[in-house]
Amino acid sequence: MLISTNNDLKRVTDVEQKAGRENNNQQKEFVKAITPKAVDYSQWYIDVILKAKLMDYAPVKGFMAIRPAGYALWEKIKEQFDRRFKETGHENAYFPMFIPQELLEKEAEHVEGFAPEVAWVTKGGDEILNEPLVVRPTSEAIICDFYSRWVQSWRDLPVLINQWCNVVRWEKSTRPFLRTSEFLWQEGHTCHRTEEEAEEEALKMLEVYRECIETELAIPSVVGRKTDREKFAGALRTYTVEALMSDGRALQAGTSHNLGQHFARVFDIKYLDQDDQLKYVWQTSWGVSTRLIGALIMVHGDDRGLKIPPRISTYQAVIVPILTKKDREKVLKSVRELSDQLKDVIRVKLDDREEYSPGWKYNDWEMRGVPVRIEVGPKDLEQGKVVVVRRDNGEKVSIVREELTTYLPRLMDDIQKDMLKKALEFREENTRSGSDYEEFKKIMETQRGFYLTPWCGDPECEEKVKEDTKATIRCIPFNKKLEHDTCLVCDKKAENAVYFARAY
RNA sequence: CGGGGCGUAGCGCAGUUUGGUAGCGCGCUUGGUUCGGGACCAAGAGGCCGGAGGUUCAAAUCCUCUCGCUCCGACCA
């Protein structure tokens, strides 16, 4: 499309160009700045993250720079999770990025799971290393090595440690934020005295994830257990938070694992219990990553760009002054006062750049997802009012200036609530239930979404669905019984209901 | 690993068929006029045409080799 536009342009004469066609063309260009979701969802996603300046591609495939706008978002998300981790008794620490090959190889299932995607360090300076080092794809191995020395007595338990760091997984196909070769995340690693306590921890953190993602990111989810096929390499059980993107595909937004004693046994993490017996600890690990930013974009974003929920938005409102020649100084003075005044109640940004027109700024801030825009021009000054525009639904109202300090915080709550509500409605509309395989196949082809259905538990049935439809079992929800109990694929009786979906 | 596509200014591209002084849009710089949904005028800056070899009086363009990126598939959370 762009190409033909350029060709057309080149064929017209200079005179014709100057006669106004340029103007028209520029307007069209802007509409094209973000590819509409309906035209090409993947392209929409890429356009949004680039236009909103969340990231930029690195010279190495699968890597990216997280730009200030994207990183600020991560910082806000991080803050919310970190607070909850501390509230549930965890402490932060930091472990090394390089893991000796020998350590990674201790847990058989674990190596096997990660081997295809580890990055190796084989040289230090000029020296070829005796034992190559693995760049952490996750830190179980190195942390367990430390824990084997740190844990001696039952009095040392529980160990409740979290770390914020980067990890590297050599991915074959990558997408910004959703799957990159390096990403930022948090990994909690805990040790417990009993199996029950570890299980309780794994489920507790799963709930922390679910609640935080819902409250702060305004993303509803379904939680449950992973099937053996989908569980973490080396875990006893894996639990997951699954969110539904606006194209009907599911995204794993967070996972929590009960590691059982698999790692404790191979890394020799033992404690002397009160009964004078040496026992292996029971462990958990759990993580969320910068993938949440991808979820945020795909759950809330629209054809104009990002929509950030107020609770995690870097700026909750942006003030755009309308600077006319006549009233320039008056308006500037007024918005500066307003900005100072609002700083006490919300995170506010004054955009007083003079090189951009108000219209340009509207589009720019909308693209970047700021929840509220406040317009202040000469007409507003006369009336002692300002214009307040919501990003989530476009609603535009004129508000008396004095009321803003009470109005805006309330508006932020409303927007947060409405965004969650909208996402929840979408989730519900796109969660279907049944056990008709033909209908299921059709749905996975078209609207997608979640499909809640009985499953006999046989990995072969799970595999067949994947081959036929590319859909996988996202999770086995807790306490979900269906009236109908014949497996979606075979005729066997099903113990559990599961959520199927095509996933990222 | 298999198949397709692309490397020309910061970004997006045209120019390659038919060899002949390297272009367009956006962005950037300076100055001015504007400012309630991506304003306009004027003047500028910016290129080893991915790399190496060859053919030719002459190569972005033709030939050979090579490197990189990307999409689809396979593999994988």
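Residue numbering restarts at 1 for every chain, and letters A, B, ... go by the order of the sequence lines. No hydrogens, no waters, no symmetry mates; every other heavy atom, side chains included, goes into these values.
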Under 3.5 Å, which donor-acceptor pairs link side chains of residues 496-504 of chain A to any protein atom two or more places apart or in another chain?
residue	atom	partner	partner atom	Å
Tyr504(A)	OH	Asp247(A)	OD2	2.7

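At a non-hydrogen distance threshold of 4.0 Å, Ile322(A), Leu323(A), Lys325(A) from residues 321-335 of chain A come into contact with RNA chain B.
rC40(B): Watson-Crick or G-U partner is rG32(B), with both key distances under 3.5 Å. Applying the Watson-Crick and G-U wobble criteria (two distances, each under 3.5 Å), rG47(B) pairs with nothing in any strand. Across all strands shown, rG20(B) pairs with rC57(B); the Watson-Crick or G-U wobble distances both stay below 3.5 Å. Using the Watson-Crick or G-U wobble rule with both distances under 3.5 Å, rU64(B) pairs with rA52(B). rG73(B): Watson-Crick or G-U partner is rC1(B), with both key distances under 3.5 Å. The partner of rG25(B) is rC11(B), judged by Watson-Crick or G-U wobble contacts that both fall below 3.5 Å.
Partner Ile66(A) forms a side chain to side chain contact (heavy atoms under 4.5 Å, CB included) with one of Leu54(A), Leu73(A), Leu184(A) and no other, that one being Leu184(A). Exactly one of Asp302(A), Val318(A), Ile415(A) qualifies for a side chain to side chain contact (heavy atoms under 4.5 Å, CB included) with Arg391(A). That residue is Asp302(A). Partner Trp164(A) forms a ring-ring contact (aromatic ring centres under 6.0 Å, His included) with one of Trp185(A), Trp74(A), Phe81(A) and no other, that one being Trp74(A).
Atom name C1', nucleotides rG15(B) and rG47(B): the rounded distance is 14 Å, in whole Å. Rounded to the nearest Å, the gap between the P atom of rG12(B) and that of rC69(B) is 16 Å. Taking the P atoms as reference points, rU18(B) lies 15 Å from rU64(B), given to the whole Å. Using C1' as the reference atom, rG50(B) and rG73(B) are 27 Å apart when rounded to the nearest Å. Taking atom P in both rG2(B) and rA74(B), the straight-line distance is 16 Å, to the nearest Å. Comparing rG68(B) with rU8(B), their C1' atoms are spaced 16 Å from each other, to the whole Å. Separating the C1' atom of rG32(B) from that of rU70(B) is a span of 44 Å, rounded to the nearest Å. Separation of the C1' atoms belonging to rC35(B) and rC67(B) is 50 Å when rounded to the nearest angstrom.
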Using a cutoff of under 3.5 Å, can you pull out all pairs of nitrogen or oxygen atoms linking the protein to nucleotides 3-6 of chain B, with atom names and distances?
none

Can you give me the N/O atom pairs linking the protein to nucleotides 73-77 of chain B at distances under 3.5 Å, or say none if there are none?
residue	atom	partner	partner atom	Å
rC76(B)	O2'	Glu117(A)	OE1	2.8
rA77(B)	O3'	Arg169(A)	NH1	3.2
rA77(B)	N9	Arg179(A)	NH2	3.0
rA77(B)	N7	Arg179(A)	NH2	3.0
rA77(B)	N1	Arg474(A)	NH1	3.4
rA77(B)	N1	Arg474(A)	NH2	3.2

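Atom CD in Glu355(A) sits about 12 Å away from atom C1' in rC35(B), given to the nearest Å. If you take CD of Gln43(A) and P of rU70(B), they are 14 Å apart, rounded to a whole angstrom. One can place CG of Asp47(A) at 12 Å from C1' of rG12(B), the figure rounded to the nearest angstrom. Rounded to whole Å, atom P of rC35(B) lies 17 Å from atom CG of Asp351(A). With rounding to whole Å, Ile34(A) atom CD1 is found 20 Å from rC26(B) atom P.
Evaluation of the ring pair (Phe, Tyr, Trp, His ring centres under 6.0 Å) rule for Phe426(A) yields no partner, not counting sequence neighbours. Take Ser285(A) and apply the side chain to side chain contact (heavy atoms under 4.5 Å, CB included) test, not counting sequence neighbours, and it matches Glu140(A), His189(A), His257(A), Leu259(A).
A donor atom on one side chain and an acceptor atom on the other are found under 3.5 Å apart for Thr284(A) and Thr190(A). Judged by distance alone, the side chains of Arg291(A) and Thr180(A) never bring a donor and an acceptor atom under 3.5 Å apart.
Nucleic acid contact class of Val387(A) (heavy atoms, under 4.0 Å, all strands): base. Heavy atoms of Arg373(A) sit under 4.0 angstrom from at least one base atom. Here Lys379(A) lies in heavy-atom contact (under 4.0 Å) with a base.
Close to rA39(B), at under 4.0 Å from its OP1 or OP2, lies a side-chain N or O of Ser357(A).
Of the residues near RNA chain B, Lys51(A) and Pro358(A), the one whose nearest nucleotide (by heavy atom distance) lies more toward the 5' end is Pro358(A).
Using a cutoff of 4.0 Å between basic side-chain nitrogens and carboxylate oxygens, Lys333(A) and Glu337(A) are scored as salt-bridged. Between Asp352(A) and Arg336(A), at least one side-chain N (NZ, or NE/NH1/NH2) sits under 4.0 Å from a carboxylate O, which counts as a salt bridge. Ion pair Glu445(A)/Lys441(A) not flagged as a salt bridge, since none of the NZ, NE, NH1 or NH2 atoms sits closer than 4.0 Å to an Asp/Glu carboxylate oxygen. Between Asp468(A) and Lys464(A) there is a salt bridge, since at least one side-chain N of the basic residue sits less than 4.0 Å from a carboxylate O of the acidic one.
Between Leu350(A) and Pro321(A), the shortest heavy-atom contact is CD1-CD, 4.4 Å.
In this structure, the ring of Phe114(A) has its center no less than 6.0 angstrom from the ring center of Trp170(A).
You'll find that the side chain of Glu354(A) is closest to rC35(B), out of rG37(B), rG36(B), rC35(B).
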